[in-house]
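Have a look at the structure below, then the notes.
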Amino acid sequence: MALRGGARARAAAPRPGYAVESGELLLALGRSAEAADHFALARHQAAALARDGVRQEPALGRLEADHGDPAEAVRLLTEEHRRHPGPAASGALGWALHKAGRSAEALPRLRAAVKDGPNTARPAYHLGMVHLALGERDAARRQLTRALRLAPEFSPLHAERARRELATLGEPAWGPPPA
């Protein structure tokens with residue numbers, strides 16, 4: 001079955017989130033220059049989609065929070081949360097607040113995302129890292145362990161960081177043993 005007109009354009013549309021994911025994989029492999037190219041591509045794709053009226057705040061906010069300007073991520077994700085309140089937007093904004101050095105403000109948003117959102121690893125990891133930043137070691141241990149139990153390889157970058165943090169907290173790492 002051949003795609004026609006608008007369906008073809010939508011199927012071929014750039015996906016900034018995919019470029020962010022591939023950039024993070026490249027970072028995990030130690031290929032930071034190539035990762036930077038993928039992050040630049042994600043920004044370019046998001047700008048192209050924005051010109052066509054397609055909003056990309058979640059993907060751009062995640063990119064800026066982790067690999068760019070956390071203050072810009074807070075701005076983008078605050079707007080997104082106003083338009084589409086819910087666990088996903090609350091969690092994304094909470095992570096951006098944390099990355100911008102505002103962990104105390106992030107905590108209630110991430111708690112809500114974990115409580116009301118899907119039971120997935122990334123929000124649990126984010127909440128665990130915020131607890132860790134606030135010196136709440138037991139809560140950090142619980143959430144980081146939860147993240148790795150839910151999906152031991154949830155992110156090429158963040159799963160390994162969760163394991164390292166658990167090791168510093170005296171907790172065994174979850175997931176497959178190192179190769």
Side-chain angles (χ1 to χ4, degrees), residues 8-84 86-103 105-107 109-110 113-114 117-118 120-130 132-133 143-144 147-148 150-165 175 178-179:
R8 182 180 302 126
R10 284 189 301 281
R15 303 281 198 261
Y18 294 160
V20 173
E21 291 287 334
S22 61
E24 288 186 349
L25 176 59
L26 289 164
L27 276 180
L29 295 171
R31 295 163 55 184
S32 57
E34 289 173 85
D37 290 343
H38 283 248
F39 298 147
L41 174 62
R43 288 182 181 96
H44 175 77
Q45 289 174 333
L49 287 167
R51 285 190 297 275
D52 291 337
V54 180
R55 304 191 70 84
Q56 292 296 307
E57 282 80 355
L60 272 179
R62 179 174 164 218
L63 171 61
E64 294 302 332
D66 282 332
H67 309 290
D69 179 356
E72 175 64 6
V74 169
R75 186 190 70 73
L76 289 167
L77 293 168
T78 297
E79 291 175 20
E80 179 67 12
H81 188 266
R82 281 189 196 124
R83 277 190 304 280
H84 303 288
S90 186
L93 177 55
W95 184 243
L97 287 164
H98 165 69
K99 295 298 281 190
R102 299 162 57 184
S103 297
E105 289 177 69
L107 187 60
R109 293 186 182 283
L110 285 163
V114 167
T120 58
R122 192 174 295 268
Y125 166 76
H126 288 167
L127 180 57
M129 294 305 289
V130 169
L132 193 61
Q143 292 302 323
L144 294 174
L148 291 171
L150 286 167
E153 299 300 327
F154 69 91
S155 161
L157 282 179
H158 301 299
E160 185 55 36
R161 173 111 192 257
R163 285 186 193 86
R164 285 193 312 270
E165 295 299 347

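It should be emphasised that the depicted structure is a prediction, and the values quoted were computed from it without experimental measurement.
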Q. Do the charged groups of E79 and R82 touch, with an N to O distance under 4.0 Å?
A. no
The reported gap from CG in L93 to CZ in R109 (rounded to nearest 0.5 angstrom) is 4.5 Å
Less than 4.5 Å apart, any side-chain heavy atom of K99 and any of R62?
-> no
Tightest non-hydrogen contact, residues A133 and S103, listed as CB-OG, 3.7 Å
Sorted by chain and number, sequence neighbours left out, side-chain hydrogen bond (donor to acceptor under 3.5 Å, both in side chains) with R83 holds for E57, E80
To the nearest 0.5 Å, atom CG of L127 lies from atom CG of L132 at 11.0 Å
| query | So H158 and W95, would you call those rings parallel, tilted or perpendicular, with 30° and 60° as cut-offs? | reply | perpendicular
Query raised in the report: Do L63 and P16 touch side chain to side chain, with heavy atoms closer than 4.5 Å?
Result: no
In this structure, CD of E34 is separated from CG of L26 (nearest 0.5 Å) by 5.5 Å
Do S32 and L27 come within less than 4.5 Å of each other through their side chains, counting heavy atoms only?
-> yes
Of all heavy-atom pairs linking A89 and H84, the shortest is CB-O, 3.3 Å
If we only count heavy atoms from C-beta on, is the E24 to D66 side-chain gap below 4.5 Å?
yes
Is any side-chain heavy atom of M129 closer than 4.5 Å to a side-chain heavy atom of H126?
no
Heavy-atom closest pair (S155 atom, R122 atom, distance to 0.1 Å) is CB-NH2, 3.8 Å
Nearest heavy-atom contact between A65 and A73 is N-CB, 3.4 Å
So the ring pair (Phe, Tyr, Trp, His ring centres under 6.0 Å) pairs with at least one residue in residues 33-53 (sequence neighbours excluded) are F39-H67
Distance col, row L144:CG vs L148:CG, nearest 0.5 angstrom, shows 7.0 Å
Nearest heavy-atom approach of A106 to G94 is CB-O, 3.0 Å
Original post:
So does E153 pair up with R163, basic N to acidic O under 4.0 Å?
Top reply: yes
Heavy-atom closest pair (A121 atom, A151 atom, distance to 0.1 Å) is CB-CB, 3.9 Å
Within the 4.5 Å heavy-atom criterion, are T120 and L150 side-chain neighbours or not?
no
Taking the side chain as C-beta and beyond, is there a heavy-atom pair between L157 and L25 under 4.5 Å?
no
Does the side chain of L107 come within less than 4.5 Å of H98's, by heavy atoms?
no
